[in-house]
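Shown next, in structure tokens, is the structure this report addresses.
Whatever order the structure lists them in is the order used to number ligands and atoms, beginning at 1.
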Amino acid sequence: MERKVVFSGVQPSGGLTIGNYVGAIKNWVDLQEEYDCYYCIVDLHAITVPQVPKDLRQNTLKVLAIYLASGMDSEKSTLFIQSHVRAHAELTWVLNSISYMGQLSRMTQFKEKAKRSEENLNAALFTYPVLMASDILLYQADLVPVGEDQKQHLELARDLAERFNNKYSETFKVPAPLIQKFGAKIMSLQNPEVKMSKSDTDENAYILILDKPDAIRRKIKRAVTDSIGEIKYNDDQLGVKNLMNIYSVFSGDSVETIENNYQGVGYGKFKEDLAEVIIEGLTPIQEKYDYFMKNKDYLEKIYKEGAEKANYAAMKTLRKVYKKVGFIQP
Ligand code: AMP
Ligand code: TRP
């Protein structure tokens, strides 16, 4: 029996946060055992917001090193850089032709980003979800593990697959999202109503996978809580709830266990312990990361092999698509 296909990616824009780790990367590692996985570094997506070229190059390698350090294995999965496989941009053009402006303008992420840069809004930001659909559909992915914030984009990918299939005959597998129920969304440490994001202007709002112990202790200490003073998992204490989520995913303890262990204990002690739990979880990843970043030749070998494998699979789909829409074979 053929193994099911998994596709996912993150953008190489700045450092990755523990939100990316918990909501995405950590789960990808386990999926490798059961599925045929493609894990991409989506540099084409990254240029939908302004990038400094030399930083983009550096960040792309960093994400690859984080993938490897987190346990993604190039023997089991295909690890590659999006711009190395031309088919992503090419399929995007074709899918643009069946994408509705109305639907794209209702995408939450677009609306939010548009608000932030009204003056020179670029067209790529608008078609960002179409490129994401292309990523997924090229590999005939069955499952797409993402954080909750990407659900709407996935819905669009499904729509486009179905629309194309209806218009031109069965071509694409219709993908399903795979969203972790627990800890799917890690919130900002400064405002637990918004998601933790590396693009936050306040660096106390997020913890990076590569943050050093001192920074982690400082940021957790400053994390917003409340005046209730109890470690209880509920929606009246969103700050505490978020910290408990983080504690739980890094320690493996359930929230009930955490509630029991911290009965009558103040926030100060809880935060101290939480910082240590995070540090313990991140240190081995950081050590491996340093090792991979010192071995650029190895990274190059990984992404070149990845691109070759990915290209083979992607071209198979793209050829079918070109034929169905009526392009003459070159
Ligand atoms: P991005 O940073 O937007 O490229 O996101 C990469 C992956 O990380 C996506 O699957 C997101 O859903 C996930 N992700 C990003 N931020 C968070 C967060 N705060 N909590 C959970 N998952 C997240
Ligand atoms: N848009 C995703 C994000 O910001 C990243 C992404 C691009 C992606 N292409 C993808 C995720 C394909 C899953 C599948 O998180």
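Looking at ligand 1, you'll find an N or O of Met196 within less than 3.5 Å of one of its N or O atoms. Geometrically, ligand 1 and Glu148 share no nitrogen or oxygen pair separated by less than 3.5 Å.
The residue His45 has no part lying near ligand 1, judged by heavy-atom distances below 4.0 Å. Of the heavy atoms in Gln150, only side-chain atoms (C-beta onward) come closer than 4.0 Å to ligand 1.
Here is the list of ligand 1 atoms found below 4.0 Å of a heavy atom in Gln11: 4 (O). Atom numbering of ligand 1 starts at 1 in the shown order; those under 4.0 Å from a heavy atom of Gly147 are 10 (O), 11 (C), 12 (O). Atoms of ligand 1 found under 4.0 Å from any heavy atom of Lys185 (numbered from 1 in listed order, with element): 20 (N), 21 (C). Within the listing of ligand 1, atoms 21 (C), 22 (N) sit less than 4.0 angstrom from a heavy atom of Gly23.
Using a 3.5 Å distance cut-off with no hydrogens or angles, the side chains of Gln82 and Asp135 do pair a donor with an acceptor. Donor-acceptor pairing under 3.5 Å is lacking for the side chains of Asn311 and Glu308. Side chains of Gln190 and Ser188: a donor-acceptor N/O pair is absent below 3.5 angstrom, by distance only. A side-chain N or O of Tyr322 and one of Glu90 form a donor-acceptor pair less than 3.5 Å apart. Side-chain contact check for Gln32 and Asp73: no donor-acceptor pair (N or O, by modelled atom type) lies under 3.5 Å.
In summary, the aromatic rings of His153 and Phe110 are positioned with their centroids too far apart to meet the 6.0 Å limit. Under the 6.0 Å cut-off for aromatic ring centres, Tyr139 and Phe80 qualify, their centroids lying closer than that.
Residues lining ligand 2 at a heavy-atom distance below 4.0 Å are given as Phe7, Ser8, Gly9, Gln11, Val42, His45, Tyr128, Met132, Asp135, Ile136, Val144, Val146, Gln150, ordered by chain and residue number.
Nearest to atom 12 (O) of ligand 1 by heavy atom, out of Val146, Asp149, Leu154, is Asp149. Of the listed options Asn242, Asp200, Ile186, Ile186 places a heavy atom closest to atom 19 (N) of ligand 1. Counting only non-hydrogen atoms, the option in Ala24, Pro12, Ser197, Gly19 that gets closest to atom 23 (C) of ligand 1 is Gly19. Between the choices Asn20, Asn245, Val10, the shortest heavy-atom distance to atom 8 (O) of ligand 1 belongs to Asn20.
What you find for Leu95 and Ser134 is that their closest heavy atoms are CD1-OG, 3.5 Å.
Cation-pi check for Lys113 over Tyr128 is met; the charged atom lies under 6.0 angstrom from the ring centroid and within 45 degrees of its normal.
Residues Tyr100 and Ile98 do not share a hydrophobic cluster, clusters being chains of Ile/Leu/Val/Met/Phe/Trp/Tyr side chains in contact below 4.5 Å.
Taking Ile, Leu, Val, Met, Phe, Trp and Tyr as hydrophobic and joining them when side-chain heavy atoms fall under 4.5 Å apart, one finds Leu44 in a cluster with Leu131.
Tested against Tyr262, the residues Phe270, Tyr233, Tyr267 include a single ring-ring contact (aromatic ring centres under 6.0 Å, His included) partner, Phe270.
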